[in-house]
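Reviewing the structure listed below.
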Amino acid sequence: MTEVGVSLIVTLVKIVVLLGVALGVSAYLTWFERKLAGHIQARLGPSVVGPFGLLQPIADGIKLLTKESIIPKGADVPVYYLAVVLALAPAILLFAVIPFGPEFEVFGYKVKPIIADVNIGLLLVFAMGSLLVYGTIFSGWASNSKYAFIGSLRKAAVIIAYEVVLGFTVLGVVLLAGTLSTVGIVEAQAEKGVWFVFYQPVAFILYLFCMLAESGRVPFDIQEAEAELVTGYHVEYGGMRFGAFPLAEWYLNVMALSAIAVVLFFGGWSGPNILGPLSPYFWFLAKMFGLVFFVLWLHWTLPRFQARDVTEIAWKIMLPLALVNLVVTAVVLYMFGGE
Amino acid sequence: MSLEKAYILLGILVFLLGLLGVMIRKNLITILVSTEIMLNGVNLVLVAVDSYLGRVDGQIFALFVLTVAAAEVAVGLGLIVSLFRLKGYEGSSEIVHLRD
Amino acid sequence: MGIRKLNRKDYLNILEAIFFIDFLKGLSVTLRNLLRRPITTEYPEEKLTPPKRFRGAHGHFVWDGTEPPSLRAIEKFMSFEKGKSRCVACYMCQTACPMPSLFRIEAVQLPDGRKKVTRFDMNLLNCLFCGLCVDACPVGCLTMTDLYELAGYSRRDEVLNMEKLEAFGIDYKNRRGNEPDRIWPKDEEREKLWGKIEWSG
Amino acid sequence: MEWVIFSFLSLWLLVSVVGAIFVRNPVHSILFFLSSVLAIAGLFLSLGAELIAGLQLIIYAVAIVVFYVLVITTIPWEKVKRFEGIYKRELIFGLPAVSIIFGLIAYLIIRGNLAEPVGTVGDNVREVGRTLFTSYLFPFEVASVILLVAMIGAILLGRKEE
């Protein structure tokens, strides 16, 4: 078998495994979020379907799949369907540049647990994160509804604002690591022996807020403010198409951005070796789900910002902070850096 | 035919299709989109030749083209929006008067 | 337990702004709630017992030998049977009811001159559970039980007839008849929450 | 392998470009344009120009197209329905002209010889950055000034008259 064929098969296997795991885990994140929300409010959460309500996501999935699909009058039908794809695809593609562990060997072939180990991993992250905006805008526009369109415009404003902040925030880490590749950043942290969160605390906090805004989580969830806009840009969708938007936005995107945060600030898979060869994966997933838990916890703690405040915070507070952080990092690195 | 020539031909084809779009479209916004397509074709040729020659100058020119495209879009769409606000339409054949 | 006054500043000071003190306080509140035991009652499996004075579906107390002696006096005018309702068809409940179409009561005169109640229907769809009919009943027959699951599959299910009322009454008396008549289940708990009551004199 | 990738991406690119030109509805046209931009980013990646591919995705596919989308979706299209579509007369004359030009250029390119390669590029991102900030520093600054001017112009043009 040729080299190309093997690499193709390995990549296909990686894609299938990652897709299955990501979608399954995000389906169970819905259960986890409902359970968490319930317990934070001294309720129980889902508890009827299966032990501890564990079969609830499957029941929800069956319910959503068997529902009648309704297309609103005056909708732009091809764009209406395309918007679902445009919302889901970038969220899934974000996982392509996440390194889950170090290189290992199977049957004499070296396998990296990352789908696309490209030179521009972080650029791809930004690109995919901002491509999400098309799903929102077109779903709002194509469904020919005022509420949906207002929600989608709000979300577009939020994504544009926070994408800029996110870029400038992460540049500090890029300066420290000297590379844009995600694997390279993790290796740089392992080399220095320090997680970048200790060098870049301001950047980490800014990244956290940008992550919340990008994935439409509280306190930046103005695009689906339930009290004002019913549920925002996907209000006219039905069935599984309705389920796809929160799945992409609230769960897949949060997971992917948490994983990127782990890569950037928490040293990726580094950690004490407690499980033998599986320990890097354990540490990576533990850190990632720690962040996901934090995001969900925040969701049920904070109230929502006003729509006006969200973009103002981004442009007037967070962008200058990120720029100052970047400049200070650059100057300090120039004066005291190695090289 | 080598791969590089295929890339260059593809870039030129994209450029010419963009040109055709500029000629035939009625709507101002789609005319702007066609110019963007032309710029993309140019970028493609620049980067293709660049990677064949093994240099990076062409990519830097592509970068400048990107910058110019962004500037063009900002100004062009500003013009279109103000035109729409002024006249209420935006067909290319209607905008012939310098003043009203 | 007095009212605690909180002084809130309009602006955070610099330390609070940098280290997100308020934010962390909010997070700690939700974390404490997360670790608390849920206070949910899982309704269909586990049901709360309402206090005795709860005003649920109506019931009729039956003639079973526990009547006050005053009722013995009218025994010769009424055709009471053992285990049947002690209603005397006086229409007092219907008169007291704010809803004119709720009761439908009929009685006949037997050949020996005694009165027999043949029909006592209550349309609970119109009932607002005010309890005025219970207060009005002169013979202590009509009561309100603690049954609160009153949903049915048809509007006909919501009309209580005499048999149902008697069954509810017997059931209620068997279950709750010996309880003292109070709203709060436990006096200690009530005192803890609302303080001890000082009666005059 | 390269030919497979190239033919797939070029087919995708040509289909989306033709769609962007000929489709009636401007919003669909923008969507086709977005798809063509993604295809070009793929072509850049396959050419080894990774930084440009990433910037193509970020700047073109996001910043520029979002501008279009925001303008185009907020304009009430019922009023300007008659400006959708294409001019038939221009198409009849333009299509042959364009194909003749393409034929001529294609003849030249296929018959001609390419110049000799002068070197190889190792780390694309590093190399582009180094060249951009040494040899091309002045044009880079001028480009930033162009962006600034365009921003001011756009603000002036798009602002409401008082």
Side-chain angles (χ1 to χ4, degrees), chain B residues 1-10 12-14 16-21 23-27 29-30 32-34 36-37 40 43-44 47-48 50-57 59-60 62-64 66-75 77-82 84 88-91, chain D residues 2 6 10 13 17-18 20-21 26 29-30 33 36 40 43-44 47-49 52 55 59-60 63-64 67-68 71-72 75 79-80 83-87 90-91 94-95 98 101-102 105-106 109-110 114-115 117-121 127-128 131-132 136 139 143 146-147 150-151 153-154 157-158:
Chain B
M1 193 167 68
S2 65
L3 194 61
E4 284 77 27
K5 287 184 178 177
Y7 271 111
I8 293 170
L9 278 184
L10 180 68
I12 287 167
L13 187 55
V14 169
L16 288 176
L17 281 172
L19 187 64
L20 188 66
M23 285 194 280
I24 62 176
R25 290 303 299 228
K26 284 182 186 172
N27 192 293
I29 285 183
T30 40
L32 262 185
V33 169
S34 302
E36 298 291 333
I37 290 172
N40 269 318
N43 267 359
L44 191 53
V47 175
D50 208 40
S51 91
Y52 169 70
L53 289 178
R55 308 192 54 149
V56 291
D57 303 60
Q59 293 178 31
I60 286 162
L63 208 61
F64 290 145
L66 278 185
T67 318
V68 170
E72 173 219 326
V73 162
V75 175
L77 285 179
L79 274 175
I80 288 176
V81 167
S82 56
F84 184 83
Y89 52 75
E90 44 178 276
Chain D
E2 281 105 17
F6 172 75
S10 59
L13 174 61
V17 163
V18 170
I21 292 171
S29 173
I30 293 283
F33 175 59
S36 80
I40 285 181
L43 283 170
F44 284 169
L47 279 170
I52 296 293
L55 290 178
I59 296 178
Y60 245 116
I64 293 179
F67 267 130
Y68 279 114
V71 167
I72 215 167
I75 280 177
K79 287 190 193 167
V80 286
F83 295 114
E84 288 182 354
I86 55 180
Y87 290 119
E90 277 80 351
L91 179 63
L95 198 56
V98 165
I101 296 172
F102 179 69
I105 297 177
I109 287 174
I110 290 170
L114 291 173
V118 288
T120 50
V121 177
E127 201 66 34
V128 171
T131 318
L132 185 62
Y136 290 92
I146 289 177
L147 273 181
M151 189 177 81
L157 283 171

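By convention in this document, chain letters (A, B, ...) are assigned in the order of the sequence lines, proteins followed by strands, and residues within each chain are numbered from 1. Excluded from the calculations below are hydrogen atoms, water molecules and symmetry mates; all remaining heavy atoms, backbone and side chain alike, are included.
For the set D/Gly48, D/Ser36, D/Ala49, D/Gly153, the count of heavy-atom pairs under 4.5 angstrom toward chain B peaks at D/Ala49. Looking only at heavy-atom pairs under 4.5 Å with chain D, the residue among B/Leu32, B/Asn40, B/Leu17 that has the most is B/Asn40. Of the listed residues (B/Val14, B/Leu19, B/Asp57), the one with the most heavy-atom contacts under 4.5 Å to chain D is B/Asp57. Across D/Leu55, D/Leu91, D/Ile40, D/Ile109, the residue that shares the most heavy-atom pairs under 4.5 angstrom with chain B is D/Ile109. If you tally non-hydrogen atom pairs under 4.5 Å between each of D/Ile59, D/Leu43, D/Leu13, D/Ile101 and chain B, the highest count goes to D/Leu43. Ranked by heavy-atom pairs shorter than 4.5 Å toward chain D, the options B/Val33, B/Leu63, B/Leu44, B/Val75 are led by B/Val33. By number of non-hydrogen pairs under 4.5 angstrom with chain D, the leading residue of B/Asn43, B/Ile12, B/Ile8, B/Val47 is B/Val47.
D/Leu95 touches chain B through backbone and side chain together, each having a heavy atom under 4.5 Å away. Contacts between B/Asp50 and chain D at a heavy-atom distance below 4.5 Å are absent for every atom of the residue. Contacts between B/Leu79 and chain D at a heavy-atom distance below 4.5 Å involve backbone atoms as well as side-chain atoms. With a 4.5 angstrom heavy-atom cutoff, B/Phe64 touches chain D only via side-chain atoms. Heavy-atom distances place both the backbone and the side chain of D/Leu47 under 4.5 Å from chain B.
Between atom OH of residue D/Tyr68 and atom CD1 of residue B/Ile29 there is a gap of 8.0 Å, rounded to the nearest 0.5 Å. Rounded to the nearest 0.5 Å, atoms CD1 (B/Ile60) and CG (B/Leu66) are 12.5 Å apart. Distance CZ/D/Phe44 to OG/B/Ser51: 10.5 Å, rounded to 0.5 Å. Atom-to-atom distance recorded for B/Tyr7:OH and D/Ser10:OG is 8.5 Å, nearest 0.5 angstrom.
When the shell of 6.0 Å around CZ of D/Phe67 is examined, it contains 12 or fewer heavy atoms from other residues, nucleotides or ligands.
Take B/Val68 and apply the side chain to side chain contact (heavy atoms under 4.5 Å, CB included) test, not counting sequence neighbours, and it matches no residue. Residues passing the side-chain hydrogen bond (donor to acceptor under 3.5 Å, both in side chains) test with B/Glu4: none are found, sequence neighbours excluded.
Side-chain atoms of B/Arg25 come within 3.5 Å of backbone atoms of D/Ile21 as a donor-acceptor pair (strictly under, hydrogens ignored).
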